[in-house]
Enquirer: 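This structure is in structure tokens; I'll ask about it shortly.
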Amino acid sequence: MAWSDWIRTVEIEPSLYAADFANLGEQLNMLLRTGARVFHFDVGDGHFVEPITFGPVVLAAVAPLVHSFGGAVDCHLMVDNPVKHFPQMARAGGDSVTFHFEAVDDVPATIAAAREHGLGVGVAFNPETEPAAVAEVATEADIVLCMSIHPGYGGQEFMPQALDRIEALRQVLPDRIHIQVDGGIDNDNVRSVYDVGATLMVAGTSIFGREDLQRSYRRLVQALA
Ligand code: DX5
Ligand code: ZN
């Protein structure tokens, strides 16, 4: 069974990009103890997106801890030539890889390549990309990720146009494919993205940017109750 099959109706997914890296293990433990089970791991290559973030070496350090709680690490590859990185991400303990529609020529073949490594698969798309074009080729994916910011950095403001885009996507995607949303998710907008059909909400700054991350995580969950 793929990890995406047990997504609890809806998941708030802490994005490690916003974590305090000097206290990463402690912060992860706190979120795991408060109930978070799916963690977002942003790999930026300094080419597809401007910043270089982190990669398999850090993943190998965090994945065993997340797995010991029965959780999953969902890897968002903001990189050119994502296929090249699949074997390493799988070996380092990644549970799924989400690559960008804009970064590959053949989406179905890229999905198939990830499956060969036993990985769950997501297809992400940028704010300029037409949701219907993604839906058409992502039929074998587990997740489709609608970016609600331009990918690269955390702490940006949610683009409200994402709501219509998620709604349009939900209408054309098969029910079994989860819609994920990433960028600027906070207490004020998390309910509205859920209402239009997203079930996996990535949250960086709105969890790690606050003093009490357990409380911030719980508040996001409660906004969906
Ligand atoms: C940035 C990443 C996001 C980032 C979101 O492009 O893909 O996952 O961590 O951060 P916030 O929640 O701060 O917008
Ligand atoms: Zn991301």
Side-chain angles (χ1 to χ4, degrees), residues 4 10-21 24 27-28 31 36 38-56 58-59 62 66 72-80 82 85 89 94-103 119-129 134 141-163 165-166 178-194 198-211 213 216-221 223-224:
S4 51
V10 55
E11 291 284 342
I12 299 294
E13 197 177 325
S15 177
L16 300 185
Y17 197 9
D20 170 3
F21 287 94
L24 185 57
Q27 292 198 328
L28 263 173
L31 288 167
V38 185
F39 291 84
H40 191 77
F41 190 90
D42 284 300
V43 180
D45 64 354
H47 198 257
F48 180 76
V49 289
E50 201 175 60
I52 294 172
T53 61
F54 38 74
V58 178
L59 179 60
V62 302
V66 173
V73 189
D74 167 34
C75 305
H76 179 193
L77 305 184
M78 304 183 287
V79 304
D80 285 324
H85 303 280
M89 297 307 285
D95 295 282
S96 60
V97 282
T98 294
F99 63 87
H100 269 262
F101 174 84
E102 300 84 7
L119 292 159
V121 196
V123 182
F125 64 102
N126 287 343
E128 295 73 28
T129 299
V134 181
D142 303 303
I143 300 167
V144 172
L145 166 53
C146 179
M147 292 303 300
S148 43
I149 53 167
H150 290 110
Y153 295 100
Q156 303 181 64
E157 203 153 315
F158 177 79
M159 298 168 74
Q161 308 90 287
L163 293 173
R165 293 161 60 73
I166 292 165
H178 288 273
I179 297 180
Q180 184 177 38
V181 58
D182 185 8
I185 295 296
D186 61 21
N187 283 311
D188 297 330
N189 57 32
V190 69
R191 180 79 212 187
S192 54
V193 293
Y194 174 67
T199 45
L200 266 171
M201 283 62 143
V202 176
T205 308
S206 65
I207 293 178
F208 293 99
R210 306 285 160 85
E211 220 160 283
L213 51 153
S216 313
Y217 171 80
R218 271 190 240 112
R219 281 189 62 193
L220 285 165
V221 171
L224 298 170

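Side chains included, hydrogens not; waters and symmetry mates left out as well; all remaining heavy atoms used. When a ligand or atom number is given, it counts from 1 through the structure's own listing order.
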Enquirer: What protein heavy atom sits nearest atom 10 (O) of ligand 1, and how far off is it?
Expert: Gly154 CA, 3.5 Å
Enquirer: Provide the number and element of each atom of ligand 1 under 4.0 Å from a heavy atom of His76.
Expert: 7 (O)
Enquirer: So if I apply the side-chain contact (heavy atoms from CB on, under 4.5 Å) rule between Phe41 and each of Val66, Val97, Val62, which one comes out positive?
Expert: Val62
Enquirer: Checking the side chain of Ser148 only, and the main-chain atoms of Phe158 only, is there a donor and an acceptor separated by less than 3.5 Å?
Expert: no
Enquirer: Would Asp74 and His76 satisfy side chain to side chain donor-acceptor pair (under 3.5 Å), going step by step from the backbone distance to the final call?
Expert: CA-CA 7 Å; Asp74 167 34; His76 179 193; over 6 Å; no
Enquirer: Starting from atom 14 (O) of ligand 1, what is the nearest protein heavy atom, named by residue and atom, and what distance separates them?
Expert: Gly184 N, 2.8 Å
Enquirer: Hey, which atoms in ligand 1 end up nearer than 4.0 Å to a heavy atom of Val202?
Expert: 8 (O)
Enquirer: Under 4.0 angstrom from ligand 1, any heavy atom of Ala18?
Expert: no
Enquirer: Would you mind checking which non-hydrogen protein atom is closest to atom 12 (O) of ligand 1, with the distance to 0.1 Å?
Expert: Gly204 N, 2.8 Å
Enquirer: Of all the N, O or S atoms in Asp182, which one sits nearest to the Zn ion (ligand 2)?
Expert: OD2
Enquirer: For Glu102, does the CD atom sit with more than 12 other heavy atoms under 6.0 Å from it, leaving out its own atoms?
Expert: yes
Enquirer: Which pair of non-hydrogen atoms, one from Ala18 and one from Phe208, has the smallest distance, and what is that distance?
Expert: O-CB, 3.0 Å
Enquirer: Atom CZ of residue position Phe54 - does it have more than 12 heavy atoms of other residues, nucleotides or ligands inside 6.0 Å?
Expert: yes
Enquirer: Could you establish whether Gly152 and ligand 1 come within less than 4.0 Å of each other, counting only heavy atoms on the residue side?
Expert: yes
Enquirer: Work out the angle at the Zn ion (ligand 2) between ND1 of His76 and NE2 of His40, rounded to 10°.
Expert: 100°
Enquirer: Of all N, O or S atoms in Asp42, identify the one at the shortest distance from the Zn ion (ligand 2).
Expert: OD1
Enquirer: I need the atoms of ligand 1 closer than 4.0 Å to a non-hydrogen atom of Met78, numbered in the order shown.
Expert: 6 (O), 7 (O)
Enquirer: Stepwise, does the side-chain contact (heavy atoms from CB on, under 4.5 Å) test hold for Val43 with Met89?
Expert: CA-CA 10 Å; Val43 180; Met89 297 307 285; 3.8 Å; yes
Enquirer: Considering all heavy atoms of both residues, which atom of Asn126 and which atom of Arg165 are nearest to each other, and what is their separation?
Expert: O-NH2, 2.8 Å
Enquirer: How far is atom 1 (C) of ligand 1 from its nearest protein heavy atom, and which residue and atom name does that atom have?
Expert: Tyr153 O, 3.5 Å
Enquirer: Report, in ascending order of atom number, the atoms of ligand 1 lying under 4.0 Å from any heavy atom of Gly183.
Expert: 14 (O)
Enquirer: Considering only heavy atoms of Ser15, which atoms of ligand 1 have at least one such atom less than 4.0 Å away?
Expert: 4 (C), 8 (O), 9 (O)
Enquirer: Considering the heavy atoms of His40, write down every atom of ligand 1 situated less than 4.0 Å from one of them.
Expert: 8 (O)
Enquirer: For ligand 1, which atoms have a heavy atom of Tyr17 less than 4.0 angstrom away?
Expert: 9 (O)
Enquirer: How does Ile149 reach ligand 1, if at all, at less than 4.0 Å between non-hydrogen atoms: by side chain, backbone, both, or neither?
Expert: side chain
Enquirer: If hydrogens are left out, which of Thr205, Asp182, Asp42 has an atom nearest to atom 5 (C) of ligand 1, that is, the closest non-hydrogen atom?
Expert: Asp182
Enquirer: For Gly155, take its heavy atoms, then give the atoms of ligand 1 lying under 4.0 Å from any of them.
Expert: 11 (P), 13 (O), 14 (O)
Enquirer: Any donor-acceptor pair under 3.5 Å linking the side-chain atoms of Asp182 with those of Ser15?
Expert: no
